[in-house]
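Hydrogens, waters and symmetry mates are skipped; everything else that's a heavy atom, side chains included, is used. Chain A is the first sequence line, chain B the second, and so forth, proteins listed ahead of strands; every chain is numbered from 1. Keep in mind it's a predicted model, so treat the numbers as computed, not measured.
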Amino acid sequence: VTTTTAPVPAATKPAAAAPRVPLPRLLRATWYRQKTALIGIFALYLLTAAILEYRYVSIRSALISQHVLYCVDRTFCPNGDFYEILGSTLYMDAAILGVALVIGLAVIFGGIRWLTREYESGGFRYTWAQAASPARWFTANWLPLTAVTIAGATVTCVAYSQWHSLVSTVLDGGNAYDKYGFFTRPAGYLSLAFAALGLGILAAATIRRTVPAMAATLAAYAALLYAAVFKLTPWLLSLHPVTTRAAFRWGQIAGNGYLVRDWWTDAAGRVVPGWQTGGGFNGAIPSPWDTFMAIGNSRTLNKWVATHHFTYWVSYQPVDRIGTFHAIWAAAFLLLGLLASGLAIWQVRSRRP
Amino acid sequence: MTAITSRRTTIPAWRVARAAWFRNRLTMTGVLAVFAAAAGWTVYQAASMRSWLVAHQVLGCTTSYSGSRCESSTAWSMFSGYLHPYQVVYVLLGVPAVTATFGGVRWLTREFETGSFRYTWVQGVSRLRWLTGTAAPLLAVTIIGAVACGLAFDRWFPMGQWLVSGTPDGEPWEWNGFPLTPVTFTALVLAGLGVATLAAALVRRTVPAMAATLAVSAVIVYLADTRLRLWLFTLRPVTTRAEYDRWPVPGYLLRGWLTDAAGHVIPGFYVTHDGGLMLPSSQLGTVLTNGSIASERAWLAAHHYTYWMSYQPQDRFLFFQLVWAGAMLVIGVASFGIAVRCARAFS
């Protein structure tokens, strides 16, 4: 009986290391594949900037022709033509909404599909098989997209700043802490665009299907914008305010700052109940404040207050802190964008199909 | 001898609709969820406003503008400062474009992209029946959702009008309310769906068709709200003499002007539809800027000036709503018809 043994394989050669595809080549391939999306994103931002620039030029020429350009830096203009030319605050709010929406549209229609299309068509396999690691492939796609988004957002932001310099008197009374100031300032706007792009890419990497990822990004961006304007901003501005006694003046906030809270105390130091921040009483006006509410002149008001031994307290954010708040706000969204992009890379690397 | 070919069997519409439900149920559920979220948000905001007004004992000010009592109330004057009414208006105005883009495009482009429509067509279902059978459940869901949103807005409006309208008078004449009643909102949503179907049939690729739908829907919403509505209001207005600075009846004021004793219109003076006043730089302008209403009226009468106004009475509101909604429906039906033609021409 002869026994046969299995053939012993020859000594295996160490596999040659796959050649690394250089990043410039990957970037070049990305450009060829994503040029429509990249051009589209930039065009969208450019269009928004062009509209704002057109409005800026037309408003400015009208103000010059009516000799009311000097009113731009004033809180009140004696010439009614000034307000007539600027138009209603409603259109200004709509312009601000448009500036915010353009970020969402650019991400939804340009920032998601480059990734979901790869997953849906399986095209990424060809790239990965050619020794471009998932992380390098992802980075090569992400970099141009981010660069174009930042460039487009910068152009829009510059145009917005010009337009805002003309309308700020009407829009927010020239107050530095205007209600949309955080996301429309350069740092805030760029970081918001970066965060939105990060969320879009994360949705694409997680969901891997175009339309559901677009819908998820839309919902996430709407929630982000809402939270940024109506939750994060008021919360930030409530941190460590300056609290001081002050002379009372209707509608005036100390030093063009942001009023966090104001209240009255009586001679015994007790807080007068019912006073609402910004002025006025909640519900029925307690005696003797009905007299106070009827006085219009600030000097008479403060005489009345002194006579009745009331003290006015105000808690506010000084105007010189606004740069810090803007920086914190922008840093929060930059962090969010980095976190979302990092998670997206992790998704791509860990969930190989 | 030739064989007699049997007639192709016609698949009943309900079976096509049932198949459409199984294929597009995620889209329909999503569309319904968007409407439910928008309606829920609107009702929540209405309830918030109502409870705020009740807590501050000024709810009565919303039903009848009881002059001095409400005007002198600090709580009433602070009403606008504590709420964000445009959150509701912008959300609702965005819903037609969003539902058209995300709900109205993909059910058709997916058929074209995957080629699965061929399986349906070879089974004796005509293009028209296939398209209608697929669209009908989506339309039904959309109409239900749109009506729910419109009803939610109707609940919000009695309080919200004091925050968003220059001259609140019980009916949403302005841009921020007119397209949001149950009739107009449903028509607007259907027009959006029609446009989405047409874009899908023409472009046949999901993302470009969605982008086209979003752009066209936004343009339609803008033009319908700012151009068509205002143009409709200029048709056959009532023109009457009136006491200066008095709103004679509830309705939509188009403009007001003054004539002198000879009946000539005074240049430089006019009252805009939202009550804005433009004054000439003559003595007339000075008098009307500085005096009380009574003294202004007395001065105008002494100088034989007559105040005229042209307006649309309140009882025409429903008529305008129906005409506007009809125009939107025409856009929707025409778009859908062209989409059917495109599908039939496609082999």
Asks: Against chain A, work out which of B:A37, B:P208, B:A211, B:G30 has the most heavy-atom pairs shorter than 4.5 Å and name it.
Replies: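 The residue among B:A37, B:P208, B:A211, B:G30 with the greatest pair count is B:A211.
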
Asks: Do the rings of A:Y312 and A:W264 sit parallel, tilted or perpendicular, given the 30° and 60° boundaries?
Replies: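 Tilted.
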
Asks: Answer with side chain, backbone, both or neither: which region of B:V98 has an atom nearer than 4.5 Å to a non-hydrogen atom of chain A?
Replies: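 The answer is the side chain of B:V98.
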
Asks: Given heavy-atom pairs under 4.5 angstrom as the criterion, report whether the side chain, backbone, both or neither of B:L26 touches chain A.
Replies: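 Neither part.
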
Asks: So which part of A:I112 gets closer than 4.5 Å to some heavy atom of chain B, the side chain, the backbone, both or neither?
Replies: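 Neither the backbone nor the side chain of A:I112 comes within 4.5 Å of chain B.
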
Asks: Does A:Y226 have its ring centroid less than 6.0 Å away from the ring centroid of A:Y221?
Replies: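 For A:Y226 and A:Y221, the ring centres are not under 6.0 Å apart.
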
Asks: Is the closest side-chain heavy-atom distance between A:P234 and A:F230 below 4.5 Å?
Replies: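 No; the side chains remain at least 4.5 Å from each other.
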
Asks: When rounded to the nearest 0.5 angstrom, what distance separates CG in A:L145 from CG in A:L38?
Replies: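 One gets 6.0 Å once the value is rounded to the nearest 0.5 Å.
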
